[in-house]
A.B. asks: 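Take a look at this one; I'll ask things after.
Numbers restart at 1 for each chain; the letters A, B, ... are given by sequence-line order, proteins then strands.
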Number of protein chains: 4
Amino acid sequence: MPRTEDANQVIREERRHQILKSAAQVFARQGYVGTRIEDIAAAADSSKGLLYHYFAGKEEVFNTLIAMIEAGVRHLFEEAQRLDASPGERLRWLIEREVLGFEQQAQMFPVVLQALVSDSVPDEARDLALGMGRRSQVVMREWIAAGQQSGEIIEGDPDQLALLLITCINGLAVTAAMSLPSGPSAVESLMRLLLRPSQ
Amino acid sequence: MPRTEDANQVIREERRHQILKSAAQVFARQGYVGTRIEDIAAAADSSKGLLYHYFAGKEEVFNTLIAMIEAGVRHLFEEAQRLDASPGERLRWLIEREVLGFEQQAQMFPVVLQALVSDSVPDEARDLALGMGRRSQVVMREWIAAGQQSGEIIEGDPDQLALLLITCINGLAVTAAMSLPSGPSAVESLMRLLLRPSQ
Amino acid sequence: MPRTEDANQVIREERRHQILKSAAQVFARQGYVGTRIEDIAAAADSSKGLLYHYFAGKEEVFNTLIAMIEAGVRHLFEEAQRLDASPGERLRWLIEREVLGFEQQAQMFPVVLQALVSDSVPDEARDLALGMGRRSQVVMREWIAAGQQSGEIIEGDPDQLALLLITCINGLAVTAAMSLPSGPSAVESLMRLLLRPSQ
Amino acid sequence: MPRTEDANQVIREERRHQILKSAAQVFARQGYVGTRIEDIAAAADSSKGLLYHYFAGKEEVFNTLIAMIEAGVRHLFEEAQRLDASPGERLRWLIEREVLGFEQQAQMFPVVLQALVSDSVPDEARDLALGMGRRSQVVMREWIAAGQQSGEIIEGDPDQLALLLITCINGLAVTAAMSLPSGPSAVESLMRLLLRPSQ
DNA sequence: TATGAATGAGTTTTCATTCAT
DNA sequence: GATGAATGAAAACTCATTCAT
């Protein structure tokens with residue numbers, strides 16, 4: 001009965017996704033340690049037992065989540081890279097996309113924040129998050145340096161500027177985590193940190 | 001003969017302070033939920049039992065810590081208010097002081113961050129932290145408005161600008177929590193968000 | 001396939017009952033404070049964790065137990081009330097039934113005793129027990145007064161006589177708690193306190 | 001300086017007595033396990049440390065208390081024995097004295113009750129209390145037998161009658177522990193259990 | 001004699017994980 | 001695939017007891 005197996009496959013995928021989505025929300029609110037398996041299961045309209053069918057445990061759920069986000073960000077950078085635009089425009093596009101929060105999944109930023117900041121998180125997740133941060137910095141530094149060449153971006157150590165940018169993006173993530181709207185012009189304003197005043 | 005009342009008073013004060021200081025460090029690293037009473041006790045060279053002699057529990061330690069920080073920030077604002085300086089200079093002074101982390105207590109920023117972002121934190125602590133944020137925004141908005149009058153600060157909704165500023169300060173806190181140095185000119189650069197290019 | 005809802009229902013009922021039954025025995029021997037959760041769990045062939053699956057804690061177990069006893073006594077009084085018998089015979093029947101200890105549950109008397117006497121018992125339990133005592137006294141007073149009308153019961157303040165009766169029943173509970181047999185004629189003898197010598 | 005030592009001796013005696021008196025009150029309310037050393041110390045206007053100067057620990061305080069009560073009851077029986085009165089009158093006198101509660105120390109009854117009933121009490125204390133009960137029963141049985149000889153006391157197994165009497169006395173202790181007044185005629189009424197109706 | 005800071009063993013409570021159905 | 005009863009290791013908390021002063 002291949003038909004049934006296909007159907008099962010679909011059900012499996014949907015369940016996995018449903019669990020991850022719910023987990024992101026709960027993790028975002030309660031933190032990694034503060035979230036109980038039961039909380040995730042309840043949020044996903046599932047049972048504890050079922051969750052263990054799909055994941056080895058809380059750790060794996062969290063790691064998977066971070067890995068998905070990491071992949072999303074990596075993809076975002078690649079997209080930006082392919083953009084036919086100036087370095088400054090690339091940066092703006094990227095930040096806007098990040099702040100929009102990977103389409104529907106705005107609640108995921110705080111999850112990354114935790115992975116970055118807390119010691120009480122699986123090593124794998126923290127490594128992924130830190131690596132993502134480091135790679136972002138490297139790429140941004142290159143874009144910034146390029147922008148400085150063309151005069152689009154202000155002078156200064158590109159590394160420091162990249163770090164400052166990431167710092168501000170993290171700040172936006174915190175603001176979002178507090179359910180405060182950053183305001184439509186926030187990204188616009190932030191760009192002032194980099195862009196040379198167009199005379 | 002029992003110890004004199006004074007001697008006991010001194011011992012108590014010192015212990016309490018020692019516990020709070022250690023707690024701030026551990027909370028900063030491991031988060032509120034991720035921190036075990038025993039971790040705090042060990043960091044303070046104390047025993048679990050003694051900690052309960054001085055505090056009702058983890059919650060009270062955390063609340064006390066947040067309250068202390070809140071008092072510190074409040075005091076910082078009052079100091080800045082008394083400064084004989086322009087609004088912009090006041091803001092710069094305040095942010096520098098905040099980023100320095102109230103003198104020796106640099107590890108405390110991440111603790112506030114958690115109180116702001118996480119649901120798994122005592123209500124009292126979160127309320128204190130949110131109130132502190134709201135009050136900061138109000139005062140900063142006033143300063144910004146004043147700076148706009150004198151032409152020192154750029155145009156724009158003062159409320160939005162204040163929120164943006166707080167957002168960036170939070171970002172600096174995240175960066176600090178990751179043990180990354182923000183760079184000496186970070187505050188300088190941030191001021192570019194507000195100050196009208198002198199020219 | 002998961003267990004059917006019905007099967008789970010049965011399991012839950014049985015477990016709860018098993019825990020309560022064991023708890024009554026342990027509480028009777030060791031007192032409320034002297035009983036550790038682990039003692040109850042062990043007596044019920046369960047684990048600590050499972051006990052918390054069914055009850056919020058020691059307090060809830062105790063309160064539930066007292067509530068059950070209270071319901072049992074209330075039912076006993078109703079039964080006695082429906083008895084086609086003289087007031088004195090009603091009293092005798094009631095006391096006999098109480099001393100027998102509500103069928104199989106002889107160990108429960110000492111549990112109530114504690115709720116009546118000790119401050120270190122949940123408020124809810126003490127209130128239930130005190131209320132039960134007060135209500136018993138009220139009903140007994142009425143029966144006694146009726147018995148006095150018909151000449152079956154000796155003269156005297158019905159309230160005082162009712163209290164005396166309850167006092168003696170409590171004494172029987174103490175004796176039972178010491179694992180001493182009160183003797184088959186104890187109730188018979190006690191009735192001499194009330195009944196007018198048949199000539 | 002013998003004077004000082006004498007004074008010290010007096011102070012010591014007073015302290016010990018003060019502690020025991022307070023302990024009796026607290027034990028009566030909260031039970032042996034439910035009472036913390038600190039509770040006793042506070043009730044005695046003392047400190048934990050000082051309590052350990054006078055007693056080896058909680059156990060010793062409790063045992064001492066029971067031993068004092070046991071001695072008091074033993075003395076009561078001896079006094080009653082020396083009374084120039086009929087067996088029935090002796091019993092009545094004894095019960096009245098017990099119910100009055102050894103002069104000022106009414107709160108001690110519940111303490112004995114606990115020693116009799118609870119497993120969570122030092123062995124020594126329980127043995128003392130049980131022994132006291134057994135000896136009481138023996139003596140009462142003799143008095144009852146003597147009263148039966150003289151026709152003062154009703155027929156029946158003297159052992160059973162003695163036990164019934166003790167049962168009722170325990171009941172009075174419970175009633176007292178609930179701070180209910182037994183009524184002035186309670187003892188009088190109880191005697192009806194034993195005394196042959198004076199025709 | 002007197003105190004209360006300090007300790008750590010013992011309890012309560014929570015929760016990730018297992019497993020019979 | 002799905003459930004939730006059951007377990008036990010780990011964390012929170014209490015309190016008898018010690019001891020420096």
A.B. asks: In whole angstroms, how far is the P atom of F:dA5 from the CG atom of C:D6?
C.D. replies: 13 Å
A.B. asks: Heavy-atom distance under 4.5 Å between the side chains of B:V111 and B:F62, does that happen here?
C.D. replies: yes
A.B. asks: Residues in side chain to side chain donor-acceptor pair (under 3.5 Å) with C:E70, at least two apart?
C.D. replies: C:R74, C:R135
A.B. asks: Going by the rule side-chain contact (heavy atoms from CB on, under 4.5 Å), which residues pair with D:E124 if we only count those two or more places apart in sequence or in a different chain?
C.D. replies: D:N63
A.B. asks: Mind running a 4.0 Å heavy-atom check of residues 25-38 of chain B against DNA chain F and sending the residues that fall below it, in number order?
C.D. replies: B:T35, B:R36, B:I37
A.B. asks: Sequence neighbours excluded, which residues qualify as side-chain contact (heavy atoms from CB on, under 4.5 Å) partners of C:A23?
C.D. replies: C:F27, C:I40, C:V61, C:L65
A.B. asks: Tell me, please, which residues at least two apart from C:R36 pass side-chain contact (heavy atoms from CB on, under 4.5 Å).
C.D. replies: C:D39
A.B. asks: Mind checking side-chain contact (heavy atoms from CB on, under 4.5 Å) for C:Q25 and listing every partner two or more places apart, or none if nothing turns up?
C.D. replies: C:Q107
A.B. asks: For residues 42-52 of chain A, which side-chain N or O atoms pair as donor and acceptor with protein atoms under 3.5 Å away, sequence neighbours left out?
C.D. replies:
| from | atom 1 | to | atom 2 | distance (Å) |
| --- | --- | --- | --- | --- |
| A:S47 | OG | A:L50 | N | 3.3 |

A.B. asks: So, the side chain of D:Q114 versus the backbone of D:Y32: is there a donor-acceptor pair under 3.5 Å, distance only?
C.D. replies: yes
A.B. asks: Rounding to 10°, can you tell me the angle the first-five-pair axis of the helix from E:dA2-F:dT21 to E:dT21-F:dA2 makes with its last-five-pair axis?
C.D. replies: 0°
A.B. asks: Let me know the distance between CG of C:N8 and P of E:dC19, rounded to the nearest Å.
C.D. replies: 18 Å
A.B. asks: Any side-chain heavy atom of A:L20 within less than 4.5 Å of one from A:F55?
C.D. replies: yes
A.B. asks: What residues in residues 9-24 of chain B put a non-hydrogen atom under 4.0 Å from any atom of DNA chain E?
C.D. replies: B:I11, B:R12, B:R15
A.B. asks: Any side-chain heavy-atom pair from D:Y54 and D:E60 closer than 4.5 angstrom?
C.D. replies: no
A.B. asks: Under 4.0 Å from any atom of DNA chain E, heavy atoms only: list the residues of residues 47-61 of chain A that qualify, in numerical order.
C.D. replies: A:K48, A:Y52, A:G57, A:K58
A.B. asks: Might you work through the side-chain hydrogen bond (donor to acceptor under 3.5 Å, both in side chains) test for C:R12 and C:Q9, ending with a clear yes or no?
C.D. replies: CA-CA 5 Å; C:R12 275 205 299 273; C:Q9 187 66 27; 2.9 Å; yes
A.B. asks: With sequence neighbours left out, which residue pairs that include part of residues 15-24 of chain C fulfil the side-chain hydrogen bond (donor to acceptor under 3.5 Å, both in side chains) condition?
C.D. replies: C:R15-C:Q18
A.B. asks: Partners of B:D123 by side chain to side chain donor-acceptor pair (under 3.5 Å), sequence neighbours excluded?
C.D. replies: B:R126
